[in-house]
K.L.:
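For reference, the structure I am asking about is given below.
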Amino acid sequence: MNKFQKLDRYPLGSIRAEGFLKDQMLRGKDGICGHLHELEPNMIYDPYINKTHVPAWSNGNQNGWGAEISGNYWAGYIQFAYTLNDPEMIKTATDWVDAMMKKQRPDGYLGTYYEEDAAIYDDYNAWGTACAMRGLIAYYEATGRRDVLDAVYRCMLWFCDVWSGDKKTTYAGPFIIEPMIFTYQYTGDERLVKFCEDYLEFICKNDIFDTSYKTMLHGEYRYNSSHTAGYGCQSRMPALVYSATGKKDYLDATARALDMMHERSVQVTGSPVSDNEYLSPVGAVSETEYCCYAFFNAEYSYMSYITGEAKYGDRMETMFYNGAQGARKKDEKAIAYMNSPNQVYATDHSSRTHHDSQAYAPCYPTSCCPVNAVAVIPEFIRGMLLRDREENVYLMAYGPCSLKHGDVALSVKTYYPFRNSVTVEIECDKEFAINLRIPSFAKGYGLSVKDGEDATVEEKDGFVSVKRAWKKGDRVTINFEATVEIVTLQDDDCCGNHPLAIKYGALVFAYHIPEKWTVTAGRPMTALPSGWHWYNVTPDFKEADAKDAHERLGRRREQISWNVAIDENLKAEDVTVEELDETGYVWEKPMIRLHTHCYKAPHLFPPYPKTTYEPYGEYHAVTERLPLVLEPYGCTNLRITYFPKAKLNRE
């Protein structure tokens with residue numbers, strides 16, 4: 001634990017997935033999380049093992065792209081294996097780690113730039129190497145294998161030596177700071193911290209992408225200034241250096257960068273906007289690259305333990321339980337590279353910004369998004385429970401899991417976010433405090449402690465702290481009071497239509513457009529085996545019943561289910577919450593729905609769109625009033641989330 005951070009993570013493997021999170025991980029093991037290295041071995045398995053180029057890629061950053069994609073996959077896979085505690089996956093991870101370390105050069109370098117004429121100062125050398133080093137550090141934390149830590153340490157010293165002075169780069173290379181700080185935590189070598197501080201100052205002098213800590217601290221927020229997913233990496237570097245130095249400007253820079261982005265470029269679903277992959281304003285059809293979920297998921301988690309602030313737990317949950325789930329196929333065998341809140345089509349030609357990137361696929365020709373999708377679930381789970389120096393437990397985010405570390409053992413029993421009740425069952429005899437985050441949506445809460453007359457209860461800094469000498473079998477339950485929220489989107493920098501979104505608890509709700517999944521050829525570099533496909537996802541609706549083709553198109557507007565608008569004066573009491581029993585996998589069979597009303601807006605969208613349009617104008621002519629059933633955003637792949645406003649005649 002670095003001396004200036006408030007809290008710390010538990011070692012990898014201490015927190016295990018349970019309940020519906022375990023169900024999702026088991027699907028992931030059989031899906032892309034467990035098999036990408038087999039589906040595209042040249043891109044994902046080979047770069048660190050065989051030091052090979054990817055034949056399908058052009059000259060240039062072949063080494064670096066392979067390093068990035070392979071490194072991020074194994075960083076996610078290792079965390080996935082130990083969070084699921086799956087022996088088969090752990091063996092595969094161990095085999096890769098052992099094979100990789102055998103390739104370390106005598107001078108300590110452990111990346112993929114091995115040719116005699118390799119561009120060792122290439123931006124992607126530091127970036128790609130850092131991705132893999134995160135995986136090795138996670139493996140060390142799970143196993144305690146000192147040879148793995150020593151290999152990373154030697155590699156970090158290579159960068160300290162070779163990338164000294166002005167040899168650094170400003171786009172992706174600064175990511176090397178992250179494994180530097182993690183390695184410092186275990187070695188205490190101040191050379192690593194000096195390298196990181198020198199790097200932060202270098203970026204200040206060469207601030208091409210508005211990502212220096214001084215710009216984050218004092219500058220303006222500018223759209224198109226930086227790659228959005230990259231911003232999720234760059235902006236957390238100052239805070240990580242703060243954790244080792246205590247220099248408050250570093251921490252304040254990261255916090256301000258995130259707050260500015262949250263205000264301008266984060267959807268209601270928690271999705272960071274990345275039209276054309278760069279920082280962009282929120283909007284109904286503004287797209288998010290899936291990499292963003294992984295990088296900001298990690299950043300919110302890091303900021304939660306560095307600062308101890310509850311708001312980062314809120315941001316983790318909003319993004320994980322909404323945006324990140326809404327872009328995954330529910331069998332975990334495909335994701336969408338780009339996705340948006342309003343999505344009528346998800347096909348190989350529906351994206352406004354990237355060719356075929358809204359089609360669902362297990363692996364793309366540049367597969368940064370699928371490999372990063374592997375890390376999202378285990379990194380979220382690991383960030384749910386934190387500890388302080390006195391071994392008190394902090395529930396920073398909620399979901400079913402278990403913890404066993406030292407003489408502390410407990411289980412979190414909950415269907416949160418589908419329910420607003422959480423129970424912590426104690427499985428040890430020990431005195432410590434359990435600190436329960438109060439979500440920002442909670443209007444109040446009820447707390448009960450089994451036989452808890454001797455418990456000390458205190459509310460402070462967004463947490464309820466319950467301390468006592470716990471006995472095995474004790475439990476504490478907290479129930480959060482939630483109300484429906486009608487949110488008006490501030491999309492002035494995009495279209496200025498100010499559509500409405502509906503939230504309840506930690507969930508955003510959407511109208512679920514019935515989906516038809518059609519296998520398409522796609523562009524896999526390696527032929528996919530049986531059971532794996534690319535998909536075009538289109539609405540599954542019936543054609544209008546008319547003999548004449550033109551009449552059919554005219555009637556189609558009336559029959560299209562997503563041509564609806566809602567009253568801008570809709571109130572929370574106009575929405576009914578329906579809780580359902582668990583009847584299967586929660587992302588396929590939702591445990592909660594909302595019921596309200598809407599109005600038919602027949603001319604809202606054209607009768608035969610091939611992509612999802614931003615509605616023209618702020619108000620829309622409507623006909624009859626209709627019932628509207630809403631499901632959790634994460635249960636959908638096609639949906640309307642930002643509802644246009646109905647033009648209603650009012651006296």
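All residue numbers refer to positions in the sequence shown, counting from 1.
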K.L.:
Under 4.5 Å between any side-chain heavy atoms of Leu240 and Phe182, yes or no?
P.N.:
yes
K.L.:
Would you say the rings of Tyr364 and Trp534 are close, in the sense that their centroids are separated by under 6.0 Å?
P.N.:
yes
K.L.:
Just verifying a value: how many Å separate Cys494 SG and Asp275 CG, rounded to the nearest 0.5 Å?
P.N.:
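Those atoms lie 7.5 Å apart.
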K.L.:
How close do Ser286 and Arg352 get, counting heavy atoms only, and between which atoms?
P.N.:
CA-NH2, 3.8 Å
K.L.:
May I ask you to check whether Tyr293 and Ser271 show a side-chain donor-acceptor distance below 3.5 Å?
P.N.:
yes
K.L.:
Is there a side-chain contact between Ile335 and Ile32 (heavy atoms, below 4.5 Å)?
P.N.:
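Yes, close enough: below the 4.5 Å cut-off.
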K.L.:
Spell out, as yes or no, whether a donor-acceptor pair under 3.5 Å connects the side chain of Thr83 to the backbone of Phe80.
P.N.:
no
K.L.:
Indicate whether the side chain of Tyr511 and that of Arg639 have a donor and an acceptor atom separated by less than 3.5 Å.
P.N.:
no
K.L.:
Heavy atoms, side chains only, cut-off 4.5 Å: are Ser340 and Thr288 in contact?
P.N.:
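Answer no - side chains too far apart.
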K.L.:
Say you draw a straight line from CD1 of Ile49 to CH2 of Trp74; how long is it, rounded to the nearest 0.5 Å?
P.N.:
8.0 Å
K.L.:
So, taking the atom named OG in Ser350 and the one named CG in Asn536, what distance separates them when rounded to the nearest 0.5 Å?
P.N.:
7.5 Å
K.L.:
Taking atom types as modelled, is there a side-chain donor on Ser212 or Asp207 under 3.5 Å from an acceptor on the other?
P.N.:
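A donor-acceptor contact under 3.5 Å links the two side chains.
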K.L.:
Would you tell me whether Glu40 and Tyr45 have side-chain atoms, one donor and one acceptor, within less than 3.5 Å of each other?
P.N.:
no
K.L.:
Quick one: pull up CG in Leu630 and NE2 in His512 and give me the separation to the nearest 0.5 Å.
P.N.:
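Going from the CG atom of Leu630 to the NE2 atom of His512 covers 12.0 Å.
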K.L.:
Is there a donor in the side chain of Ser226 and an acceptor in the side chain of Tyr171, or the other way round, less than 3.5 Å apart?
P.N.:
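Distance-only check fails for Ser226 and Tyr171.
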K.L.:
Quiz question: by atom type and distance under 3.5 Å, do the side chains of Thr269 and Asn322 form a donor-acceptor pair?
P.N.:
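Absent: no donor and acceptor within the cut-off.
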K.L.:
Looking at Arg264, Glu263, Arg256, which one forms a side-chain contact (heavy atoms from CB on, under 4.5 Å) with Met260?
P.N.:
Arg256
K.L.:
Would you give the length of the straight line joining atom CG of Leu39 to atom CD1 of Ile44, rounded to the nearest 0.5 angstrom?
P.N.:
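Here the interatomic distance stands at 7.5 Å.
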K.L.:
Please lay out, stage by stage, how His603 and Asn563 fare under the test side-chain hydrogen bond (donor to acceptor under 3.5 Å, both in side chains).
P.N.:
CA-CA 7 Å; His603 300 286; Asn563 275 15; over 6 Å; no
K.L.:
Taking the six-membered ring for Trp and the full ring for Phe, Tyr or His, determine whether the centres of Phe380 and Tyr321 are under 6.0 Å apart.
P.N.:
yes
K.L.:
Grab the two heavy atoms, one from Pro281 and one from Val273, that are nearest each other, plus how far apart they are.
P.N.:
O-CG1, 3.5 Å
K.L.:
Would you kindly say whether Ser274 and Glu277 are connected by a side-chain donor-acceptor distance under 3.5 Å?
P.N.:
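Absent: no donor and acceptor within the cut-off.
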K.L.:
For Asp123 and Gly173, indicate whether the former's side chain and the latter's backbone hold a donor-acceptor pair under 3.5 Å.
P.N.:
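Side chain of Asp123 to backbone of Gly173: a pair is present.
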K.L.:
Using a 6.0 Å distance limit plus a 45 degree cone around the ring axis, check whether Lys329 lies over the aromatic ring of Trp517.
P.N.:
yes
K.L.:
Classify the side-chain pair Tyr213/Thr254 by whether it contains a donor and acceptor separated by less than 3.5 Å.
P.N.:
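Not at all, the side chains of Tyr213 and Thr254 share no donor-acceptor pair under 3.5 Å.
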K.L.:
Can the ring centres of Tyr633 and Trp587 be said to be less than 6.0 Å apart?
P.N.:
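Aromatic pair excluded; centres sit 6.0 Å or further apart.
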K.L.:
Do His227 and Glu289 come close enough that some side-chain heavy atom pair is under 4.5 Å?
P.N.:
yes
K.L.:
Scan side-chain atoms only and decide if Tyr77 and His37 contain a donor-acceptor pair under the 3.5 Å cut-off.
P.N.:
no
K.L.:
Is a salt bridge present between Arg27 and Asp331, judged by a nitrogen-to-oxygen distance below 4.0 Å?
P.N.:
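No.
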K.L.:
Determine the minimum heavy-atom distance between Pro238 and Ser235, stating which atoms define it.
P.N.:
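In terms of heavy atoms, the two residues are closest at CD-O, 3.5 Å.
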K.L.:
Is it the case that His35 and Asp30 place a side-chain donor and acceptor less than 3.5 Å from each other?
P.N.:
no
K.L.:
Counting only heavy atoms not in Glu220, do more than 12 sit closer than 6.0 Å to its CD atom?
P.N.:
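12 or below, so no.
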K.L.:
Do Phe509 and Leu507 come close enough that some side-chain heavy atom pair is under 4.5 Å?
P.N.:
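Side-chain contact under 4.5 Å: yes.
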K.L.:
Examine the side chains of Gln343 and Thr612 and answer whether a donor and an acceptor come within less than 3.5 Å of each other.
P.N.:
no
K.L.:
Tyr337 versus Cys368: any side-chain heavy-atom pair under 4.5 Å?
P.N.:
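Yes, close enough: below the 4.5 Å cut-off.
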K.L.:
Is Ser367 reaching over with its side chain to a backbone N or O of Cys363, donor-acceptor style, under 3.5 angstrom?
P.N.:
no
K.L.:
Just say parallel, tilted or perpendicular for the rings of Phe175 and Phe295, cut-offs at 30° and 60°.
P.N.:
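The rings of Phe175 and Phe295 sit tilted, inter-plane angle from 30° to 60°.
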K.L.:
Quick one: does any side-chain atom of Glu515 pair with a main-chain N or O of Leu638 as donor and acceptor, under 3.5 Å?
P.N.:
yes
K.L.:
Apply the side-chain contact (heavy atoms from CB on, under 4.5 Å) test between Phe296 and each candidate in Met319, His262, Met316; give the one that qualifies.
P.N.:
Met319
K.L.:
Distance alone, cut at 3.5 Å: any donor-acceptor contact between the side chains of Tyr360 and Asn637?
P.N.:
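Their side chains do contain a donor-acceptor pair, which is all the 3.5 Å distance test asks for.
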K.L.:
Would you please indicate if the ring centroids of Tyr223 and Tyr278 are separated by under 6.0 Å?
P.N.:
no
K.L.:
Taking Tyr302 as the fixed residue, which of Glu379, Arg236, Glu178 is the one that meets the side chain to side chain donor-acceptor pair (under 3.5 Å) rule?
P.N.:
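Looking at Glu379, Arg236, Glu178, the match for Tyr302 under the side chain to side chain donor-acceptor pair (under 3.5 Å) is Glu178.
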K.L.:
Does any N or O in the side chain of Ser265 come within less than 3.5 Å of the main-chain N or O of Met261, such that one atom is a donor and the other an acceptor?
P.N.:
no
K.L.:
Does this structure show an ion pair linking Glu631 with Arg593, if we count only N-O contacts that are shorter than 4.0 Å?
P.N.:
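Yes, charged N to carboxylate O under 4.0 Å.
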K.L.:
Donor-acceptor pair, distance only, cut-off 3.5 Å: does the side chain of Asn297 make one with the backbone of Val376?
P.N.:
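A pair under 3.5 Å: yes.
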K.L.:
Within this structure, what is the CG-OG1 distance for the pair Asp491 and Thr488, rounded to the nearest 0.5 Å?
P.N.:
10.0 Å
K.L.:
Take a 6.0 Å sphere around NZ of Lys29 and say whether it holds more than 12 heavy atoms from other residues, nucleotides or ligands.
P.N.:
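Yes - once you tally the heavy atoms of other residues, nucleotides and ligands closer than 6.0 Å, there are more than 12.
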K.L.:
Under a 4.0 Å N-O cut-off, is there an ion pair linking Asp259 with Arg315?
P.N.:
yes
K.L.:
May I ask you to decide if Ala510's main-chain N or O and Thr641's side chain share a donor-acceptor pair within less than 3.5 Å?
P.N.:
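Such a contact is absent between Thr641 side chain and Ala510 backbone.
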